[in-house]
Amino acid sequence: QVQPVESGGGLVQPGGSLRLSCVASGSIFRSYTMCWYRQAPGKQREFVACITTGGSTNYAVSVRGRFTIDRDNAKNTMYLQMNSLNPEDTAVYYCTYGAFWGQGTQVTVGS
C-alpha cells in the first residue's frame with residue numbers, strides 16, 4: 001500500500017476511549033514521519049500528532065496528555081490511542097505521510 005488506510009473510528013461517550021489504526025506498506029513505514037490530522041464540520045483540518053521513524057513524538061496542545069501516538073514495526077501500523085475524549089474531539093481523523101492521505105475515519109464523541 002502507498003495510500004494509508006485508517007480504521008477504528010466510531011461513536012463513544014464523553015470520557016471514553018478509542019484506538020485508531022493506520023496501515024502502511026513496509027517501505028512507507030520505514031521511510032516517513034507519520035501524522036494524524038482531524039477535521040470537524042465547518043472547521044479547518046488541524047494537526048493532532050506526529051511520530052518519526054525513530055519514535056520521537058509531537059502533539060497538539062489540545063490533545064497532549066490524553067492522546068498517544070505510536071507505531072508497530074512488525075505490523076507496519078501506526079496507532080492513535082485516545083483517552084478522556086470530549087465532544088470537541090469529534091472529527092474525521094486522517095493519517096498522512098509523505099504526499100499521501102487516507103480517506104479518514106469518523107470519531108464522534110457524544111451521549
Side-chain angles (χ1 to χ4, degrees):
Q1 286 182 303
V2 175
Q3 185 176 26
V5 179
E6 307 96 332
S7 62
L11 174 63
V12 297
Q13 296 193 0
S17 297
L18 208 58
R19 187 171 179 83
L20 306 183
S21 299
C22 172
V23 178
S25 71
S27 177
I28 291 292
F29 190 87
R30 290 187 297 271
S31 302
Y32 291 94
T33 290
M34 304 176 70
C35 300
W36 290 97
Y37 282 72
R38 66 187 183 185
Q39 187 167 25
K43 296 184 173 63
Q44 296 183 85
R45 190 170 297 185
E46 65 177 353
F47 164 78
V48 176
C50 287
I51 184 166
T52 70
T53 56
S56 296
T57 59
N58 184 232
Y59 297 92
V61 172
S62 59
V63 307
R64 204 169 289 159
R66 299 188 298 120
F67 291 10
T68 302
I69 187 172
D70 59 76
R71 56 200 298 165
D72 187 326
N73 291 340
K75 296 182 177 181
N76 296 330
T77 303
M78 177 179 66
Y79 302 97
L80 184 68
Q81 177 66 47
M82 305 184 294
N83 299 324
S84 301
L85 287 162
N86 58 63
E88 288 67 43
D89 297 314
T90 295
V92 177
Y93 284 70
Y94 298 91
C95 174
T96 183
Y97 39 76
F100 305 101
W101 291 79
Q103 297 299 304
T105 184
Q106 177 72 50
V107 172
T108 303
V109 184
S111 56

Participant: Under the disulfide bond (SG atoms under 2.5 Å apart) rule, what pairs show up with a residue in residues 58-101, not counting sequence neighbours?
Facilitator: C22-C95
Participant: Of the non-hydrogen atoms in S17 and S84, which two are nearest, and what is the gap between them?
Facilitator: OG-N, 4.4 Å
Participant: In the structure I gave you, are the side-chain heavy atoms of M34 and R71 within less than 4.5 Å of one another anywhere?
Facilitator: yes
Participant: Is the count of non-hydrogen atoms from other residues, nucleotides or ligands lying under 6.0 Å from Q103 atom CD greater than 12?
Facilitator: no
Participant: Taking all atoms of both residues into account, what is the closest heavy-atom pair of E6 and G102, and its distance?
Facilitator: OE2-CA, 3.2 Å
Participant: Are F67 and Q81 close enough that some pair of their side-chain heavy atoms sits under 4.5 Å apart?
Facilitator: no
Participant: If I compare all heavy atoms of T53 with all of T33, which pair ends up nearest, and what's the gap?
Facilitator: CG2-N, 4.4 Å
Participant: Can you see whether Y94 has R38 sitting over its ring - NZ or CZ less than 6.0 Å from the centre and within 45° of the normal?
Facilitator: no
Participant: Measure the acute angle between the ring planes of Y37 and F47, then classify it against the limits of 30° and 60° as parallel, tilted or perpendicular.
Facilitator: perpendicular
Participant: Are the side chains of T105 and V92 in touch, meaning some heavy atoms are under 4.5 Å apart?
Facilitator: no
Participant: Between OG1 of T96 and CH2 of W36, what distance do you get to the nearest 0.5 Å?
Facilitator: 10.5 Å
Participant: State whether a side-chain donor-acceptor pair under 3.5 Å links T77 with D72.
Facilitator: no
